[in-house]
There are 2 protein chains.
Amino acid sequence: MSQMPVECKGDNWCPITATANLIGKKWHPVIIHRLIEEGPHGFNSLKEEIGGISSKVLSESLDDLQEKNLLDREVVSEKPVRVKYKLTEAGESLEPVIEEMLVWGRSNLVESDTI
Amino acid sequence: MSQMPVECKGDNWCPITATANLIGKKWHPVIIHRLIEEGPHGFNSLKEEIGGISSKVLSESLDDLQEKNLLDREVVSEKPVRVKYKLTEAGESLEPVIEEMLVWGRSNLVESDTI
DNA sequence: CTGTATCCACAACGATACTG
DNA sequence: CAGTATCGTTGTGGATACAG
């Protein structure tokens, strides 16, 4: 089936900047990557796996990704509340992009000890 | 020859976020893409080709990319001053990443007319 | 032609604490 | 378990004007 295109307002229309604007927030790529690699996840589970992100920022990021139709939120049970975050088709289709970022990062970046 | 790895301070070391932090500024991906596609460019030439970016922001972006060893600045002549910006090896090696962003943007995003 | 200097606005992040 | 509420700080971008 056809994928629903994500809308994109104004800008000087350019597929690259538009994409950058979608996944350009600090934690977006990792969140998407974790969901690609490990499938649907709950909030805290995701938080721990990512490491270093605060509840607030994770929450905001998830909201943002959802707004952009890259992610779905599904309430699994109530009491205790359980939620699953999973990628939409559009979200999953980002895999090549994320994968290239991963590959590039691995071979071109080096952790600095000088901190 | 071996590529000089780009340094990367602290963070919670993750190749993806690290990469995102390097090329995550709004105009970085387009700038890199333009330089990949069209080769070395002067300041104003680059500015016009990108479209919609201010001198100040372009200047800042170029400084940032240079600091990160993704870009080189070469003074070609003085009077009038002429400069060439070109990618370093590390910068050029980003092509697959940028290319995937372009491909994804083309097939998954749609320009909204509602603005 | 290649930038800087201001100044302003707002987005993004982070730490911490707290709620249903 | 899944978030919100605050509050403060830094990052990022944009408009405009000006300079070597």
Side-chain angles (χ1 to χ4, degrees), chain A residues 8-12 14 16-18 20-32 34-35 40-68 71-86 115, chain B residues 8-12 14 16-18 20-32 34-35 40-68 71-86 115:
Chain A
C8 179
K9 310 220 170 182
D11 288 353
N12 282 43
C14 160
I16 295 182
T17 40
N21 288 338
L22 274 191
I23 62 168
K25 292 182 70 173
K26 179 167 183 178
W27 299 99
H28 284 196
V30 218
I31 293 172
I32 294 169
R34 297 301 353 120
L35 291 174
H41 262 272
F43 188 88
N44 284 328
S45 159
L46 203 47
K47 189 180 169 210
E48 276 146 35
E49 221 179 300
I50 290 171
I53 191 172
S54 71
S55 292
K56 183 209 159 204
V57 173
L58 177 55
S59 183
E60 283 173 353
S61 302
L62 292 170
D63 286 353
D64 188 53
L65 287 169
Q66 200 177 349
E67 221 169 83
K68 287 161 173 166
L71 185 123
D72 254 355
R73 185 176 174 280
E74 185 190 346
V75 177
V76 174
S77 88
E78 327 208 357
K79 214 193 186 187
V81 186
R82 248 164 206 291
V83 174
K84 261 191 194 169
Y85 289 99
K86 56 170 194 167
I115 202 169
Chain B
C8 181
K9 310 219 172 183
D11 289 352
N12 284 44
C14 160
I16 296 183
T17 40
N21 289 338
L22 273 192
I23 62 169
K25 290 182 72 171
K26 180 167 184 179
W27 300 98
H28 284 195
V30 219
I31 292 172
I32 295 169
R34 296 305 346 125
L35 291 174
H41 262 274
F43 188 88
N44 283 331
S45 160
L46 202 47
K47 188 180 170 211
E48 277 146 36
E49 221 179 300
I50 290 172
I53 191 172
S54 71
S55 291
K56 183 213 159 199
V57 173
L58 177 55
S59 182
E60 283 173 354
S61 302
L62 292 169
D63 287 353
D64 188 52
L65 287 168
Q66 201 176 347
E67 221 169 82
K68 286 160 173 166
L71 184 123
D72 253 355
R73 186 177 174 277
E74 183 190 347
V75 177
V76 173
S77 89
E78 326 209 357
K79 212 185 184 204
V81 186
R82 245 159 209 296
V83 174
K84 261 190 196 170
Y85 289 99
K86 57 170 195 167
I115 201 168

(request) For side chain to side chain contact (heavy atoms under 4.5 Å, CB included), just list the numbers for B/L58 and B/W27, CA-CA rounded to whole Å, side-chain angles, deciding distance to a tenth of an Å, and then say yes or no. (result) CA-CA 8 Å; B/L58 177 55; B/W27 300 98; over 6 Å; no

Report each atom pair, protein N/O against N/O of nucleotides 9-14 of chain C, whose distance is under 3.5 angstrom.
unit_1 : atom_1 : unit_2 : atom_2 : d
C/dC13 : OP1    : A/K26  : N      : 2.7
C/dC13 : N4     : A/K56  : NZ     : 3.2
C/dG14 : OP1    : A/K26  : NZ     : 2.9
C/dG14 : OP2    : A/W27  : NE1    : 3.1
C/dG14 : N7     : A/K56  : NZ     : 3.4
C/dG14 : O6     : A/K56  : NZ     : 2.5

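- The phosphate of C/dC1 has neither OP1 nor OP2 within less than 4.0 Å of any side-chain N or O from B/Y85.
- Among residue pairs with one or both ends in residues 45-61 of chain A, those qualifying as salt bridge (charged side-chain N to carboxylate O under 4.0 Å, His left out) are A/R34-A/E49, A/K56-A/E60; sequence neighbours excluded.
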(message) Please evaluate residues A/L46 and A/L35 with respect to the criterion side chain to side chain contact (heavy atoms under 4.5 Å, CB included), reporting the C-alpha separation (whole Å), side-chain torsions for both, the decisive distance (0.1 Å), and the verdict.
(response) CA-CA 8 Å; A/L46 203 47; A/L35 291 174; 4.1 Å; yes

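- Judged as a side-chain hydrogen bond (donor to acceptor under 3.5 Å, both in side chains), the pairs with a partner in residues 71-80 of chain B (not counting sequence neighbours) are, in order, B/R73-B/Y85.
- Between A/H28 and A/L65 the shortest heavy-atom distance is ND1-CD2, 3.5 Å.
- Put simply, NZ on A/K47 is 10 Å from P on C/dA15, counting in whole angstrom units.
- Residue B/L46 contributes atom CG, which lies 13 Å from atom C1' of C/dC1 at whole-angstrom precision.
- Considering only residues two or more places apart in sequence or on other chains, B/S45 meets the side chain to side chain donor-acceptor pair (under 3.5 Å) condition with B/H41.
- Taking atom CD1 of residue B/I50 and atom C1' of nucleotide C/dT2, one finds them 15 Å apart after rounding to whole Å.
- Side-chain atoms of B/V30 and B/I53, non-hydrogen and from C-beta on, never get closer than 4.5 Å to each other.
- The salt bridge (charged side-chain N to carboxylate O under 4.0 Å, His left out) test applied to B/K68 returns B/D64, not counting sequence neighbours.
- For DNA chain D, the outermost nucleotides in 5' to 3' order that have an atom under 4.0 Å from a heavy atom of chain B are D/dG13 to D/dA15.
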